[in-house]
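Structure, as structure tokens:
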Amino acid sequence: MIKLLRVDHRLLHGQVAFSWTQFLGADCILIANDDVAVNELRKTTIKLAKPQGVKLVIKNIADSIEALNSGVTDSYKLFIVVESVADAEKLVSGYKEIKQVNLGGIKAKEGARNISKAVNLLPKEEVLVRKMVDQGVEVEIRIVPGDKKIYAKDVL
Amino acid sequence: MRQFVFASHGFFAEGIRHALELIIGKRTNISTICAYVEQGVELKSQIQEVLERTVPHELIVITDLFGGSVNNEFMNLVAENPRIHLIAGLNLPLLIDLVTMSDTQENTEALIEDALKNAKASMQYCNLTMQKTKAEDEDF
């Protein structure tokens, strides 16, 4: 079962490891990212940040979609973390069971608009967020679990 | 609801509260005592104010230094105030554990014992940890 898909440019770090995993009651974290899957240093850092008692799986985007569709993830309370809206949209398009996307942190960059809190979107990312919203996915902004949800459709 | 008090020499207590809330979000059951930062403000009266404000709740006090004056001041209060639990050694992993687990752990002694154990284990010489880590890749 998918508990949540979160977009966070820092991937697995304090907020995610401690607050979100516990809040969701997740027993497995999937880091879906093309670079981390082949970057041993980033991989090691992420493994060391893993909360105790939780399984951590790191896969590239294509393999993640394949695993999700194969059913091997069904027995887990799964918390997926990706680093960009583009990656989130690929997962949402590739696996129809994802009904909720949380935008946590997306770095400010050239040409990006601050839509709320720590979330900065490029025009092409706004298009992708709209696409997910139009597909019936709840896209919401929260930094930590206790925050009130801000719905992307209200701030785009 | 259990109340937490972070107490330190200088602004450490306020600073670590800020760091904690960045990670776990704002909490309403935390007070801070920053000792010796304002002339004419006595530590004793700062402590008294917090004690009065938090009656009758259980109080978990975390100070910055065992043997330091802030901790010593609270040591004097523990014997006569059974609602005070005193921990020395303010650090972020400890606070994250204590405050987040507090919502679900009824037993205060167990809460504190577990948090202390986890916090101690989280202090690491990272160079060595990375050398030693041959963590296998996990799969579903």
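FYI, side chains are in, hydrogens and waters are out, and symmetry mates aren't considered; it's all heavy atoms of this structure. Below, read A as the first sequence line, B as the second, and so on, with proteins coming before strands; counting in each chain starts at 1.
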Contact residues of [range] (partner chain A; heavy-atom separation under 4.5 angstrom):
range	value
residues 9-27 of chain B	B:Leu22, B:Ile23, B:Ile24, B:Gly25
residues 29-66 of chain B	none
residues 88-120 of chain B	B:Ile96, B:Thr100, B:Met101, B:Asn118

Q.
Could you see if A:Phe18 belongs to whatever hydrophobic cluster contains A:Val54? Use Ile, Leu, Val, Met, Phe, Trp, Tyr and a side-chain cutoff under 4.5 Å.
A.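 Looking at the clustering, A:Val54 is in a separate group from A:Phe18.
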inquiry  = When you measure from the side chain of A:Asp8 to the backbone of A:Ile106, do you find a donor-acceptor pair of N or O atoms at a distance under 3.5 Å?
reply    =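 Here the side-chain-to-backbone pair does not exist.
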* With distance as the sole test, does A:Lys148 use its side chain to make a donor-acceptor pair with the main-chain N or O of A:Arg142 at under 3.5 Å? ->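 Not at all, since once roles are kept as given, no pair shorter than 3.5 Å links the two residues.
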May I ask you to decide whether [X] forms a salt bridge with [Y], counting only side-chain N to carboxylate O separations under 4.0 Å?
X	Y	value
A:Arg42	A:Asp35	yes
A:Arg113	A:Glu126	yes
A:Lys131	A:Asp134	no
A:Lys149	A:Glu138	yes
A:Lys109	A:Glu125	yes

Using heavy-atom distances under 4.5 Å, tell me whether [X] contacts chain B through its side chain, its backbone, both, or neither.
X	result
A:Val144	side chain
A:Leu41	side chain
A:Leu48	side chain

By ring pair (Phe, Tyr, Trp, His ring centres under 6.0 Å), B:Phe140 pairs with (sequence neighbours left out) A:Tyr76
Rounding to 0.5 Å, atoms CD (B:Glu73) and CG (B:Leu86) come to a distance of 11.5 Å
Exercise. Angle class for the A:Trp20/A:Phe23 ring planes (parallel below 30°, perpendicular above 60°, tilted otherwise)?
Worked result: perpendicular
Step through the shown structure and confirm whether more than 12 heavy atoms of other residues, nucleotides or ligands are within 6.0 Å of [atom1] on [X].
X	atom1	value
A:Glu66	CD	no
A:Lys117	NZ	yes
A:Lys107	NZ	no

